[in-house]
J.: 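The structure is given below, and queries will be raised subsequently.
The shown structure was predicted, so the numbers you read here are calculated from the model rather than taken from an experiment. Counting starts at 1 for both ligands and their atoms, in listed order.
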Amino acid sequence: MTASHPETQPTEPNNSATPHIDTKLVDRTKLSKMYQHYVEVKDKYPHAVLLYRVGDFFETFFQDAVTVSRELELVLTSKHGGEIGRIAMTGVPHHAWERYTTQLVEKGYAVVICDQVEDSSTAVGLVKREVTRILTPGTLLEEGMLKTSRNNYLAAVVIAANHWGLAYADISTGEFLTTQDSNLEHLTQELTRLQPAEILVPTNAPDLCTLLRPGETSPHLPPCLPPSFCYSLRPQTPFSQNEARCKLLEKFKLRSLEGIGCNHLPLALRAAGGLLEYVEDMQKVNPVALQKLRTYTITDYLIIDNHSRRNLEITQTVRDSTFHGSLLWSLHRTTTAMGGRALRRWLLQPLLDIKGIRARQDTIAELIANTPLRQDLRQLLKQIYDLERLTGRASSGIANAKDLVALADSFSQLPKLSNLVADASSPFLRALQKIPPTIVELAEKLHAHLVESPPINIKEGNLIRPGINPELDQRKTTVESDQQWIANLEIDERAKTGNSTLKVGFNKTFGYYISISRKTAHIPDNYIRKQTLTNEERYITPELKEREARILTAREDLNQLEYQIFTELRQEVGEESETIRNISRAVAAVDVLCGLAELAIQQDYCRPEIIEGREITIIHGRHPVVEQTLPTGFFVPNSTQLGKQEKNHPHPDKTEENPDLIILTGPNASGKSCYLRQVGLIQLMAQIGSFVPAKSARLALCDRIFTRVGAVDDLATGQSTFMVEMNETANILNHATARSLILLDEIGRGTATFDGLSIAWAVAEHIATDIQARTIFATHYHELNELASILPNVANYQVTVKELPDKIIFLHQVQPGGADKSYGIEAGRLAGLPDPVIQRAKQVMAQIEKHSKIALGLQNIK
Ligand SMILES: Nc1ncnc2c1ncn2[C@@H]1O[C@H](COP(=O)(O)OP(=O)(O)OP(=O)(O)O)[C@@H](O)[C@H]1O
């Protein structure tokens, strides 16, 4: 689209009449006053795109005009900038600034909004303009710029040797957390879990405040940071321990950081302080209401590294990165935006705390048992809007009247919600039994003040109900009576002049006028001609102009007063943001649990028994996603038993026989990978407190879940399939503990058979004897089955098939015992390999099997 301006002409940046496009090169003394101011502002934000309000447009000039024209495909024009001549310009209509800004921010630009802060019609001299907002990917608040289903995190990282501090906040919801750790791999894992929209990094770079778009590099970026994020290079000072501590103490009105838990974590503290300072710097007009900082420890939660998270397809599929087909897709039954975001957070941060898991389970159990309660709650939750983000916008001073009405409507549902859960006994439902009276009062006040369906624009009146403010009512009456006078004018003038076609009209340029056909002969003396059209003459009278002036000023005063009342209301809401956000969190949790209860009923899930120890027993387990993509009853359930009891366990029971490591064999496409993932997903679901797809389950907690599933060449880092596989395996062997769950799908396939088999054997042996983690090892090397006869905690399982003369039927059943053949040649035949090739392959295999003494040999070297 093209913004059409008076006094502009399209231009090409490279032709001979090129207007000035670089602020640094222009002679500023030759710029007219407005451009001088523009350049002053631009000097402060050299790395951002500056949108500068001029009348009905937000304009960009000089180099920004070229950037915006290129990025948004708008026509580049030029305009006289004073003695200097023409300067480059691209503009967007002021009412559409959000749309264009969103596009710029999505492309990785920071955008500075410099708005008019006084009425241009009454301003004396140059209209006053100020920077009112700075928008960067991590500091967005506007509804249209954010994704409802996920948090928009801003993060800050401080690194010292291999120690690091990470703080992150979602300024649209108020969440604010910090942590510190001494393993750089954990930092990458946390960043990958959070997927921050922007990461702040303190540096000594000369070119500070640069925003590096994903993939862009800088020598000032620590090499340990993954390049796939958007980084903001920041000065060191706000990240220094002293400054950061003072900032946090001041913000949260504290005397010590002891209560927050980061007093002894200098890097966590520095990251949080630096982040806070940045947020304040970005939000020019109103401070953002962040919740009190919370310190967490990574090892308090189940750790799933990046590869494993990807392989388990928790939030998106591996094949095409879609939500459809992911675990989140299969579990998603929430009805509120807050619930949707919370479920995602829970899945990415499963618990290690049995009590916390049981509290969630108890709530799901109660909701399953009480169907009317569950259904009524889900109905009611649908009527609750995004409290977290609406409150965020209110406290940042950008909410409109519609937002406040949405908040009030949502608040009005809360007493009904607390009535519904009045007799509930589980912890999450009980949290909603008491709604703070201030919130109910606030809802009543908002409803009493604001009209039911207010306009989006908050500066043009029609927001406040009558009877709220006597002065407002008085002004409304005056405006209405003057408007009535004008409405009567047509009747009176028609009577006076005897002209039945006379009309009273209004347009923006001339205001009110009396319109008479040009054929009319007699015109009253007090009529002053203002405009001549083809068929009509337009007149004004001194009396009409006087009324008009009164109406316009009175309307302006009226709008101003309505705006003032509105902003006071908005501020009141902002002041309650902490209470509102506490409620939002409780509502979000109940929404997630209601959804999980609904899911458990629909899909026939069971409540897993969460126990101490190492046991994993799943009876008739199913893959939560694959099951939902197949017709009902098609999925073949399979059981799992893992986790030998620890020595000295106080309650020995039958699980003592559970193996630690299962060697799983079976033909291609029989269901090995599916089974492996199924066990991982059931364990993960159990640790977020969900019920699981199984007939029954007894699950001890896992500290980490590792998966190594079919590697693909990592072209981005130039690594071969085999190297990727070895890196992932090394990572597992170096970090797994006896409390971990390891799911290995094929190891050693990417190299020569004997190399591969040897590595696979050694890895399996190391896990079973040294690490003793609970492991399922799927493989086509059935030689590995020999391990079970050597090591007591290893067992063999196979996925069975039925062999018919001309085909194989996949039964997808996992049963004890090792497969004695891999059916690879059979699969080749089915795929259409020529018959002579198949026959020859069979001969070769017979020879190899005859001479192979691998298992025997390995036994001997033990
Ligand atoms: N328990 C099951 N019930 C029904 N269908 C299943 C089951 N397990 C797997 N399948 C189906 O079989 C297909 C192949 O499964 P999977 O990819 O797990 O096989 P695989 O043994 O790992 O094969 P490969 O060795 O070639 O990697 C899956 O896409 C799924 O649709």
J.: Is the closest basic N to carboxylate O distance between Lys355 and Asp362 below 4.0 Å?
T.: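 Result for this pair is no, no salt bridge flagged.
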J.: Pick out which of Leu699, Leu701, Leu347, Ile705 makes a side chain to side chain contact (heavy atoms under 4.5 Å, CB included) with Gln687.
T.: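 Result for side chain to side chain contact (heavy atoms under 4.5 Å, CB included) with Gln687: Leu701.
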J.: Does Arg360 make a cation-pi contact with Trp346, if we ask for NZ or CZ under 6.0 Å from the ring centre and within 45° of the axis?
T.: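 Arg360 over Trp346 ring: yes.
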J.: Show which side-chain atoms of residues 832-844 pair as donor or acceptor with protein atoms under 3.5 Å away, not counting sequence neighbours.
T.:
{"residue": "Arg840", "atom": "NH1", "partner": "Gln843", "partner atom": "OE1", "Å": "2.6"}

J.: Any salt bridge (Lys or Arg N to Asp or Glu O under 4.0 Å) involving residues 319-338? Give me the pairs, sequence neighbours left out, ordered by first then second residue.
T.: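 Matches after skipping sequence neighbours: none remain.
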J.: Could you name the protein residues that come within less than 4.0 Å of ligand 1, counting only heavy atoms, and order them by chain and residue number?
T.: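 Within 4.0 Å of ligand 1, protein side: Leu630, Phe634, Phe635, Val636, Asn638, Pro667, Asn668, Ala669, Ser670, Gly671, Lys672, Ser673, Cys674, His780, His812.
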J.: Arg358: what forms a salt bridge (charged side-chain N to carboxylate O under 4.0 Å, His left out) with it, not counting sequence neighbours?
T.: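 Listed in chain order: nothing, the list is empty.
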